[in-house]
Amino acid sequence: MSDNEVFEPAQEIVDEAWVSDWQALEEQAKADPAGYWQDRAHELEWSQPWDAVLDDSKAPFFQWFTGARTNIVTNAIDRHLSTARRNKLALIWVGEDTSKVRTFSYFALNREVERMANILKAMGVVKGDIVTIYLPRIPEIFFAMLACAKIGAVHSVVFAGYSSEALNARIDGAESKLVITADGSWVNGKVFPLKQIVDEAVKFSPTVENVVVVRNTGSEVTMDPTRDHWYDALCKLPIAKGHCDTVQVDAEDPLFILYTSGSTGNPKAIVHTHGGYQVGTYTTLKYCFDIKESDRWWCTADPGWITGHSYLVYGPLLNGATVFMHEGGPTFPYPDGWWELIEHYGITSFYTAPTAIRTLMRFGDAWVRKHDLSSLRILGTVGEPINPEAWRWFHRVVGNDRCPITDTWWQTETGMFQITTVPSMPLKPGSAGRPVFGQEAAIVDEEGNEVPDGTEGYLVLKNPWPAMMRTLFHDPDRYLNTYWSKYPGLYLTGDSARRDEDGYFWIIGRTDDVIKVSGHRLGTAEIESALISHPAVAEAAAIGLPHEVKGNAVHVAVVLNRGFEPSKQLEADLRSHVAETLSPIAKPDTFDFTEKLPKTRSGKIMRRVLRARALGQDEGDLSTLDND
Ligand code: WT7
C-alpha cells in the first residue's frame, strides 16, 4: 500500500461542493464539536428546541439534543410536503425482473406510510412497541420502517436472508407482537420462502399476535386465519384510510434496534434514537456525498443492515433526495445489470461494497464500457477495506477518472460515517480518509498510549457523536464492557488501523472474533454454534482467511463425533446446515477435520494456530497449548 498515491479533486468539484474549504470546517468543528452539531441540527425541524446539545453527565451513556421533541419522519417526509419537493420522486424501485418498476413522489410515499401506520395502529401497535420487519428490498420495507417511526414504535429489521432460528431469537429478544414479512423474495431468479421461515420462527415466539404478509413473489403460502393478514387486503379496509399524525417524540426516544454480531455470545441489539441519529445521518450524507437537489442516489445495501437504515432509507429522505432501490444483486442475470440501471435511470451517486466491485471487476471492462455512465458524479464504498487495485478500477472504469470515491468507515454501532472524506479532499486509494468533522480518532497500543504515525494499533474514537448507539437493548453492562472498558473515555471500535503523516487512516481489519465476509459481519461464535448443532460435529472453531473477492472466507476446524468420517458430502451437508440454521452468508468455505482443536490450558481456542495451519505457515509459539 502506498500512502503517497494521491488523487487531487478537480477544481469544479471543489467549487460546487457543500464543503469547499474542508480544512476550515475541520478546524472549526474540532474547536467546538457541540457547536458544529448544533448548527447542523438547526437545518432540521424540531417541535420543541433542546436544552442541551450534548449531555455527558452519564457518560458513556451520552445523550444528544436533550429536552427536544421531534420525529425523524417529520424531517424525512413531512417537511418536504409543504415545498416543491412534494412532487419530486422520493423512491424509484426496480425489481430483480427489471420490467417491474414502482415510483413514489414524496406525496405518494407519505400516503403509503400513512396507510401502513394506520394499519399498525389498528393492530394495537403503540409508542415504544418493537415491530419486527423481515422484508426484502421492496418499497414496503420503506413504508414499514417509516410507519413505525411515525407513530413512535421501534423497528427491528431482520435481514431477509437469516434463518428461522436467527429470526426467532431476534423476535423473542424484542418481544415483538407484530411481524411484517412477504410471501417470498427473488434471489437470482428463485423464490426465497420468507413466509415459511416466519411460520417456523413464530411457532416458538409466544409474543407474536399478528403477521402482516406483503404479496411480492405470488408464491403459495400457508395463512393462519387467526394470525396472518395479507397486506393488500388490509389496505382496502376502512382502518387503513385517512391521515395519520406524525407523533412528536423525545429526541432520545428509540427509533430502532438492529442486531449485529459480536465476538462472543448472542448477537447484540444496538439502540438508535430519533434526534441525534437524524442529525448525524443527514449531515454526513449531505457533506460526504455532496447530495444536491438534482441527485439520484443509489445505495446497493440491503435495508436489513445499518447501511440500508442510515443511507438507503433515512439519510437520503432527510436530504430530500431521490432514492433508487434495486431488488437484484450485481451479476444476475448478467454482470452489467447494475451499469444498465445507472445508465437508464441517470444515477448520479453510487454507493456499494468492495466485494461487489471486485466481483464486477473480474468480469472485465467491456461489460462496463457497453454503457454510458456519464450521469455519475460520485462513487462510494463501505463495509470492508478496499484494496487499491479495486479502488483504481472503480475510479478509472466506472467513474471514468472523473468521480471522487468516498470510502466510508463506520459500524452498526456508530450509526453514521466516522472516517471518510468529502469530495473536496485529496483521496488516497485504500485509505478510508479522515475522521468526520467533530470527531477525532486515534491509534493506541495495548495500554491505551497513542502510537507514532505509521504504526498499527487499536482504532479508537475520542469524541461522542450524535448518531452513536445509546446502549445495547436490555444490556447496558455489555455496552460498557464491550466498548468503553478497555480504555476508559475512548470508544473501542474493534478494528486495527494505522494513521499516516497526513492524518489519513488505513483500516486493517478486526481485532476481535468478528469476520467480515463480503462486507457482512459474522461472529465466529454464531458459526460455531450452528456447526455444533449438527449431529456429526463435536467441536468447531471458525476463522477468517484472506479471500480475493469476499475479503475474508470462512474457514472452520471441526472435530467429528465418533462414527462420522470426513468427506466431501459431509462438507456439503455442514455448509447447508449452517445456511439453514444461521444464514447462507455464513456458509464455511473450507474445512479442516481434526482430532483436536488447539486450545490454551484455560480452554480458549488458539485461532492464530488454526490460521497458520490453514495458510501452511509456521505455527509459532505453542508453549501455552494444552497438549493433554
Ligand atoms: C465493521 C463494521 C456500517 C458499515 C457497514 C458495516 C468494517 C466498515 C469499512 C471501510 C474498512 C470497514 C470494520 C467495521 N468496515 N466499513 N470503509 N473500510 N473496514 O457495518 O456490519 O457493523 O461492520 O466493518 O471492520 O468495524 P458493520
Side-chain angles (χ1 to χ4, degrees), residues 1 157 159 161-162 256-263 267-270 272 277 280-281 284-285 288-289 299-315 351-358 379-388 390-391 394 405-421 427-436 441 456 458-461 465 467-469 472 482-483 491-499 504-523 526 544 550-552 583 585-586:
M1 261 185 273
V157 179
F159 173 63
Y162 271 119
F256 64 85
I257 63 170
L258 183 59
Y259 284 88
T260 191
S261 302
S263 43
K268 303 176 281 198
I270 307 292
H272 284 288
Y277 180 81
T281 54
T284 45
L285 186 63
C288 303
F289 281 93
C299 161
T300 66
D302 194 279
W305 312 116
I306 190 69
T307 308
H309 282 59
S310 298
Y311 298 109
L312 176 61
V313 178
Y314 289 114
Y351 184 39
T352 191
T355 188
I357 297 167
R358 289 191 292 258
L379 303 171
T381 83
V382 61
E384 51 180 327
I386 182 163
N387 46 314
W391 194 102
F394 198 34
I405 297 180
T406 305
D407 182 356
T408 60
W409 178 91
W410 58 298
Q411 309 177 303
T412 308
E413 291 88 339
T414 70
M416 60 180 238
F417 307 152
Q418 293 296 311
I419 296 179
T420 180
T421 49
L427 301 172
K428 298 190 183 196
S431 161
R434 315 169 65 82
V436 293
E456 180 179 344
Y458 296 97
L459 174 66
V460 294
L461 302 175
W465 61 98
M468 66 196 303
M469 87 183 119
L472 294 179
T482 310
Y483 306 100
Y491 170 83
L492 182 71
T493 64
D495 281 20
S496 60
R498 63 189 171 84
R499 182 175 54 198
Y504 278 59
F505 284 76
W506 300 74
I507 310 295
I508 295 160
R510 299 289 307 190
T511 57
D512 54 5
D513 295 333
V514 167
I515 314 178
K516 297 288 313 215
V517 179
S518 300
H520 297 306
R521 178 164 162 178
L522 299 168
E526 293 171 282
K550 302 203 283 188
N552 289 292
S583 160
I585 299 161

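Atoms within a ligand are numbered from 1 in the order they appear, just like the ligands themselves.
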Quiz item: Which ligand 1 atoms are under 4.0 Å away from a heavy-atom of Asp407?
Solution: 10 (C), 17 (N)
Practice problem: Using a strict 4.0 Å cut-off to heavy atoms of Arg521, name the atoms of ligand 1 that fall inside it. | Solution: 2 (C), 21 (O), 22 (O), 23 (O), 27 (P)
Quiz item: Roughly how far, to the nearest 0.5 Å, is CD1 of Ile386 from OG1 of Thr381?
Solution: 4.5 Å
Self-check item: Atoms of ligand 1, numbered as shown, that sit under 4.0 Å from any heavy atom of Lys516
Solution: 1 (C), 2 (C), 6 (C), 7 (C), 20 (O), 21 (O), 23 (O), 24 (O), 27 (P)
Quiz prompt | Best match, Thr412, Asp495, Ile306: closest heavy atom to atom 13 (C) of ligand 1 | solution = Asp495
Practice problem: Output yes when the distance from some N or O of ligand 1 to some N or O of Thr408 is under 3.5 Å, and no in every other case. | Solution: yes
Quiz item: Can you find a pair of side-chain heavy atoms, one from Tyr277 and one from Met416, that are under 4.5 Å apart?
Solution: no
Quiz item: Which bit of Glu384 is near ligand 1, meaning a heavy atom under 4.0 Å away: side chain, backbone, both or neither?
Solution: backbone
Quiz item: Do Gln411 and Tyr491 have side-chain N/O donor and acceptor atoms under 3.5 Å apart?
Solution: yes
Quiz item: Looking at Val382, which atoms of ligand 1 are within less than 4.0 Å of one of its heavy atoms?
Solution: 4 (C), 5 (C)
Quiz item: Is Ala432 in contact with ligand 1, taking contact as a heavy-atom separation below 4.0 Å?
Solution: no
Practice problem: Report yes or no: do Trp409 and Asp495 form a side-chain donor-acceptor pair below 3.5 Å? | Solution: yes
Quiz item: Side chains of Tyr504 and Thr421: do they bring a donor and an acceptor to under 3.5 Å?
Solution: no
Exercise. Just let me know how His520 lines up against ligand 1, side chain, backbone, both or neither, with a heavy-atom cut-off below 4.0 Å.
Key: neither
Exercise. Quick one: sort the Phe256 and His309 rings into parallel, tilted or perpendicular, breaks at 30° and 60°.
Key: tilted
Exercise. Look only at the side chain of Trp465 and the backbone of Thr414, and say whether a donor-acceptor pair between them is shorter than 3.5 Å.
Key: yes
Exercise. Mind checking the NZ-CD1 spacing from Lys550 to Ile585? Nearest 0.5 Å is all I need.
Key: 10.5 Å
Quiz item: So, does Pro385 sit close enough to ligand 1 that a heavy atom of it is under 4.0 Å from the ligand?
Solution: yes
Quiz item: Roughly how far, to the nearest 0.5 Å, is the CD1 atom of Ile515 from the CZ atom of Arg521?
Solution: 12.5 Å
Practice problem: Check whether any N or O atom of Gln411, backbone or side chain, sits under 3.5 Å from an N or O atom of ligand 1, and answer yes or no. | Solution: yes
Quiz item: At a 4.0 Å threshold, what atoms of ligand 1 neighbour a non-hydrogen atom of Gly383?
Solution: 7 (C), 8 (C), 9 (C), 12 (C), 15 (N), 16 (N), 24 (O)
Self-check item: Numbered atoms and elements of ligand 1 in range of Ile507, under 4.0 angstrom, heavy atoms
Solution: 11 (C), 19 (N)
Quiz item: Is the closest N or O pair between Thr260 and ligand 1 shorter than 3.5 Å?
Solution: no
Quiz item: Short list, please: which atoms of ligand 1 are under 4.0 Å from a heavy atom of Thr307?
Solution: 4 (C), 5 (C)
Quiz item: Thr406 side chain to Gly380 main-chain N or O, any donor-acceptor pair under 3.5 Å?
Solution: no
